[in-house]
Amino acid sequence: MHTTREMPKSDHRENITESVERGKELWEENNCIGCHTLIGEGAYFAPELGNVFYRRGAGDHETFKAFMNGWMKAQPLRVPGRRQMPQFNLNDQEIDDLADFLKFTAEMDVNSWPPNIEG
């Protein structure tokens, strides 16, 4: 009962847009959680993405979208000794949708998780 009452105060569900919904679908369809964590849930192979909007976009939506576009298109980086992210071949709209989903996630009140900016 407590969760049912408290979640609407912190999850800002009123900000869910069609783009956020599409981004969440992409997140699920591409099994991003199979490597990344999101708000501490998921695998620990790749970085936590619950705060990537602030970490790589400095809290600016256009900067973050530009980062996401470049990052997603550059994969895999082929840096020796570094874990490799696959190339998902997302189009610009899909990358923007994914960025919108990650921005939405970053703006949720999650009790200061992750504990530092690097996730």
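Values reported hereafter were calculated over all heavy atoms of this structure, with side chains retained and with hydrogens, waters and symmetry mates removed.
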Please tabulate, for the side chains in residues 34-42, all donor-acceptor contacts under 3.5 angstrom to protein atoms that are two or more places apart in sequence or on a different chain.
unit_1 : atom_1 : unit_2 : atom_2 : d
H36    : ND1    : P47    : O      : 2.7
T37    : OG1    : E48    : OE1    : 2.7

Checklist entry - Charged N to carboxylate O below 4.0 Å: is that the case for R22 and D96? => result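 No, this pair does not count.
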
Next on the checklist: When you group the ILVMFWY residues by side-chain heavy-atom contacts below 4.5 Å and let the links chain together, are L102 and I16 in the same group?
Outcome noted: yes

Checklist entry - Are V79 and M72 linked, directly or through other ILVMFWY residues, by side chains that come within less than 4.5 angstrom of each other? => result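 Yes, one cluster joins them.
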
Identify all side-chain donor-acceptor contacts of residues 111-119 below 3.5 Å with residues at least two apart in sequence or on another chain.
unit_1 : atom_1 : unit_2 : atom_2 : d
N116   : OD1    : E118   : N      : 3.0
N116   : OD1    : G119   : N      : 3.1

Item to check | R55: partners by salt bridge (Lys or Arg N to Asp or Glu O under 4.0 Å), with sequence neighbours left out | outcome: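 In terms of salt bridge (Lys or Arg N to Asp or Glu O under 4.0 Å), with neighbours along the sequence ignored, R55 is linked to no residue.
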
Next on the checklist: Set out, in order, the CA-CA distance, both residues' side-chain angles and the distance that settles side chain to side chain contact (heavy atoms under 4.5 Å, CB included) for W71 and M85, then state yes or no.
Outcome noted: CA-CA 10 Å; W71 180 258; M85 183 167 153; 3.8 Å; yes

Checklist entry - Within the side chain of Q84, is there an N or O that forms a donor-acceptor pair under 3.5 Å with the backbone of R78? => result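 Side chain of Q84 to backbone of R78, a donor-acceptor pair under 3.5 Å: yes, one is there.
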
Checklist entry - Is it true that a side-chain atom of E29 and a backbone atom of W27 form a donor plus acceptor pair closer than 3.5 Å? => result no

Checklist entry - Got a sec: does the CD of Q93 have more than 12 other heavy atoms crowding it under 6.0 Å? => result yes

Item to check | N69 and K73 side chains, donor-acceptor separation under 3.5 Å | outcome: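 Checked: K73/N69 side chains pair up, N/O donor to acceptor below 3.5 Å.
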
As an exercise, state the distance from [atom1] of [X] to [atom2] of [Y], rounded to the nearest 0.5 Å.
| X | Y | atom1 | atom2 | value |
| --- | --- | --- | --- | --- |
| M68 | L90 | CE | CG | 8.5 Å |
| D92 | K65 | CG | NZ | 11.0 Å |
| F101 | C32 | CZ | SG | 8.5 Å |
| D100 | F53 | CG | CZ | 9.5 Å |
| F45 | I33 | CZ | CD1 | 15.0 Å |
| N89 | E94 | CG | CD | 9.5 Å |

Checklist entry - Could you walk me through whether L77 and Q75 pass the side chain to side chain contact (heavy atoms under 4.5 Å, CB included) check? => result CA-CA 5 Å; L77 294 177; Q75 300 307 314; 3.8 Å; yes

Checklist entry - Taking the inter-plane angle between the rings of F104 and H12 on a 0 to 90° scale, is it parallel (under 30°), tilted (30 to 60°) or perpendicular (over 60°)? => result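 If you compare the ring of F104 with that of H12, the planes turn out tilted.
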
Checklist entry - Any side-chain heavy-atom pair from T105 and V20 closer than 4.5 angstrom? => result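 Not touching, per the 4.5 Å side-chain cut-off.
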
Item to check | Audit row: D60, Y54, side chain to side chain contact (heavy atoms under 4.5 Å, CB included) steps and yes/no | outcome: CA-CA 8 Å; D60 177 73; Y54 297 108; over 6 Å; no

